[in-house]
Structure formats: C-alpha cells, structure tokens
Engineer: 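Before we start, here is the structure in question, set down as structure tokens.
Note that the structure is predicted; figures quoted are calculated from it, not measured. Residue numbering restarts at 1 for every chain, and letters A, B, ... go by the order of the sequence lines. Hydrogens, waters and symmetry mates are skipped; everything else that's a heavy atom, side chains included, is used.
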Amino acid sequence: MDLYELTTEPIDINAVARRIVPAECGATVTLDGYARRFTREKDGTTRETEYLVYEAYEPMALKEMAKLIEAARLKFEISNVGIVHRLGRLEIGETSVVISVAAPHRKAAFAACEWLIKELKHTVPIWKKEVYADGEAWAEGESA
Amino acid sequence: MDLYELTTEPIDINAVARRIVPAECGATVTLDGYARRFTREKDGTTRETEYLVYEAYEPMALKEMAKLIEAARLKFEISNVGIVHRLGRLEIGETSVVISVAAPHRKAAFAACEWLIKELKHTVPIWKKEVYADGEAWAEGESA
Amino acid sequence: MQITTLFFGATADAAGTREAKIAINDGTTVRELIEKLRTDYTGLATHKLLFALNEEYAETDTIIKDGDEVAIFTAVSGG
Amino acid sequence: MQITTLFFGATADAAGTREAKIAINDGTTVRELIEKLRTDYTGLATHKLLFALNEEYAETDTIIKDGDEVAIFTAVSGG
C-alpha cells in the first residue's frame, strides 16, 4: 500500500516507513528532510532561519505525488512508497518531508528514494518560506 | 555525534535519525532492515520464517561499526552516522538494523548509507539464524 | 466567461491576493492570461512564472474554458 | 601457553561450545590453530571459516601470543 499525504502535524518517520512495508520486503530506504537553522547564501554568507512556513496547492500536490509514485514504480523494482510532506509553520529541527521506499532489493530502494526526492522538489507544488530575525523570503526552487 | 549500538530492545528508527542530525544538515537518509517472513531459496522456492535470532561478537562488532563510520567519513562528505543493530530474537516485521546518515547534501547521504549497509553485511561480526516451522538455519553471508 | 485564478507563495504576495475571479474572452490561451495578469498585478512582472490548469501542469498555448481553474506560481521549493 | 577460542553462530553449533581454553606451542600461527580446531571439532570441517585475533580481523600467518583471544566464525550475516 502506497501513501501520500500532506499534514500540519509533526511527522513520525518510523510510522511512515512501517506503514508501507510488505511482508516480502527486507528493507526500506527513507529520506528525511529537516527544517535547517543555517542556509548558505550564494554570496558565501550563512543566514540563520528562525522557522519555516510551507504552503501547497494541496489537491494538485497530492495528484503530483501520486504521479511520482506511479512513475517510480515503472522505473524501479519497488514494492511501496510513502511520501508525507508537512505544511504550515515548522520549527527548526522538525521534519518537513519523509519519503520511504520499500523494495525486495535495497539497491532499487536507494535509487528510487533518491529519484523521488529530486523529482518532488521539481514538480510538486509546495513552497517554502524562510523566516529570519530581520525578514522573510520564499525559497527559490532547485534548478532542474 | 555518531552513534553505534547493539540492542536487544526494539529499535525506534525515528530516534536514531534524530539523534545524529546536526543543525547545519538538511537531510538524513536511513536504511531500515526488517525481519522478513518470506525468503527466496536458491532453488526458486520460498521459505517462510517464523522468527529470527541475531547473535554478535559484541566488542568486535562495535569496533567494526566504529571503523565503518570512520571510513565512510573519509570517503563521503557526511556529518554524522548512526548505526543500531538489534540482537536476540526478532519477530517478523521488527527492525533488525538501522543506518542513518546526515549530510549537508543528500547525494552524499544516499551514497554513504548504501555503502555502509553493504560493508556492514561483509565485515561486522553478526550472524542471523532463521527459524522455520520445521527447522532452523544460520544465514549465509552475502558474497563480497 | 469567467475563470478562477489561484496564487501561491511568492505570487500570492506579489498579487496581494490568493484567488481572483477573472472575466476573459473565449479562446484566451494560458499565455494570454498570464500576460494579462502581469499587467493587472504589477508585482508579478519580475517573477518567472509556472502555471497549472485544473490542477495539472499545462502547455502555454492551451485554450482556457469557462469555469477553469488556473494556478500561477513560482518554481516549487518543497522538500 | 594458553589462549581463548570463541565460537559464534554456525561454528558454535558445529563445535558444540561457545568458548574453549586451548594450550598451543609458542610460535603457532592462526592458520595452524584453525587446522588444529578443524581436527578437534570435526563439525567445523565443512565450514569456510573466518577468524579474528583480539577482536580484529587478522592475517592467517600471524603468530598467536599467550593470552590472545581468537574468534572463529563463518561469513557474517547481519543487516
């Protein structure tokens, strides 16, 4: 069983991995993104973030997450995928996103998980606002 | 702060990942191994496991885990590593091993985590016994 | 005919709104709508925009139909 | 001189013990000890064996010293 969810509650990584493991799978690989205190700017300076705010185009984000899972299943030999993305205000150290992939062989689980986070950052309509002591800014997406 | 532990208690994956994340890191990658119900035999048949028993040469296993972490740190740009391996009797679906790697860039975290589980299976002196309805067998290690 | 336009994140800040009902002519394409929005909401002018039609990424030459929902946003930054 | 030999998993089953104090001659190498153990514990004969000297993997031509701890085991299968 796959799962894809948006939530404003703290994410339990353990539960995400566990909910997608079928009896025949020996391993899951989980990518766990955190709200980071320090961000390296393009000019080399470091900026300190006080908290983050994530916002989504929710129905489209869920559709895009479902498409990603479908595409990953065609591309890699995997059993199940779980993607949970946090929305709203996140304190530093809280989990913003979890992607867990269960597969019969761990190689496919690693490859699929790495592919999924890269694609999620390019296609799923979610935006991150970084709030600093002296202002705030919407993060620029990763270049493709 | 790295961590490497052997435990006979259930492993909380969430806690392992969380304990190794430094403030400057945005991501951790976690490999999570499970006690599997079904094992494919070399002759193509499937065998059903009732439970597992893991045994270690404990002081040497801890030394080898520490060496692996040190080697991973030289090989990959990573911040921290957590490795926890369960010992004793494991019921089906319980976590046998967790390896979490925190890194400034997720690419290094994926590569290091994949390398660490492969090496652990070749070098850390831990052995798995599979117990079936009609007998039991010590698992053969993965070929190098 | 009337359509709904949604703004998110930086485009919501730039437009000063999260949602607008907009009257457009029959045969208007997504590209034409975006040009109109850049004129109506001058804060959008400096942004490289992405868009979706009815919750799917769409080609810019797609013709918008009555009741469609068009979303306008900057490069996504989730994860 | 006397050394301690440890067995784990399949080698413990084959040897019928987890630990043995063994008297060996000065200058005995790890290879010679393993040959002796294969004779003493016939259950070990069919196993491809790995070994460690004082909790470290060691070369087979290493000479064992008084009080050393030698562990004998099959290919590891953790994970």
Engineer: Is the number of heavy atoms from other residues, nucleotides or ligands within 6.0 Å of OH (A:Tyr4) greater than 12?
Structural biologist: no
Engineer: Does the side chain of A:Lys121 reach to within under 4.5 Å of the side chain of B:Arg106, using non-hydrogen atoms?
Structural biologist: yes
Engineer: Using a cut-off of under 4.5 Å for heavy-atom pairs, which of A:Cys113, A:Gly33, A:Ala102 has the most such pairs with chain B?
Structural biologist: A:Cys113
Engineer: Check side chain to side chain contact (heavy atoms under 4.5 Å, CB included) between B:Glu9 and all other residues, then give those that pass, not counting sequence neighbours.
Structural biologist: B:Thr7
Engineer: I'd like to know which of B:Thr28, B:Asp12, B:Thr30 tops the heavy-atom pair count under 4.5 Å against chain A.
Structural biologist: B:Thr28
Engineer: Can you say whether B:Thr46 sits under 4.5 Å from chain A via the side chain, the backbone, both, or neither, judging by heavy atoms?
Structural biologist: neither
Engineer: Name the option with the most non-hydrogen atom pairs under 4.5 Å to chain A; the candidates are B:Ile11, B:Thr95, B:Val98.
Structural biologist: B:Thr95
Engineer: With a sphere of 6.0 Å drawn around CD of B:Glu5, does it hold more than 12 non-hydrogen atoms of other residues, nucleotides or ligands?
Structural biologist: yes
Engineer: Please state whether the side chain, the backbone, both or neither of B:Glu48 comes within less than 4.5 Å of a heavy atom of chain A.
Structural biologist: neither
Engineer: Got more than 12 heavy atoms from elsewhere within 6.0 Å of CD, B:Glu50?
Structural biologist: yes
Engineer: Are side-chain heavy atoms of B:Asp32 and A:Val29 found at a separation under 4.5 Å?
Structural biologist: no
Engineer: Taking NZ in A:Lys107 as the centre, count heavy atoms belonging to other residues, nucleotides or ligands within less than 6.0 Å. Is the count above 12?
Structural biologist: no
Engineer: Enter the distance from B:Leu31:CG to A:Phe110:CZ here, rounded to the nearest 0.5 Å.
Structural biologist: 4.0 Å
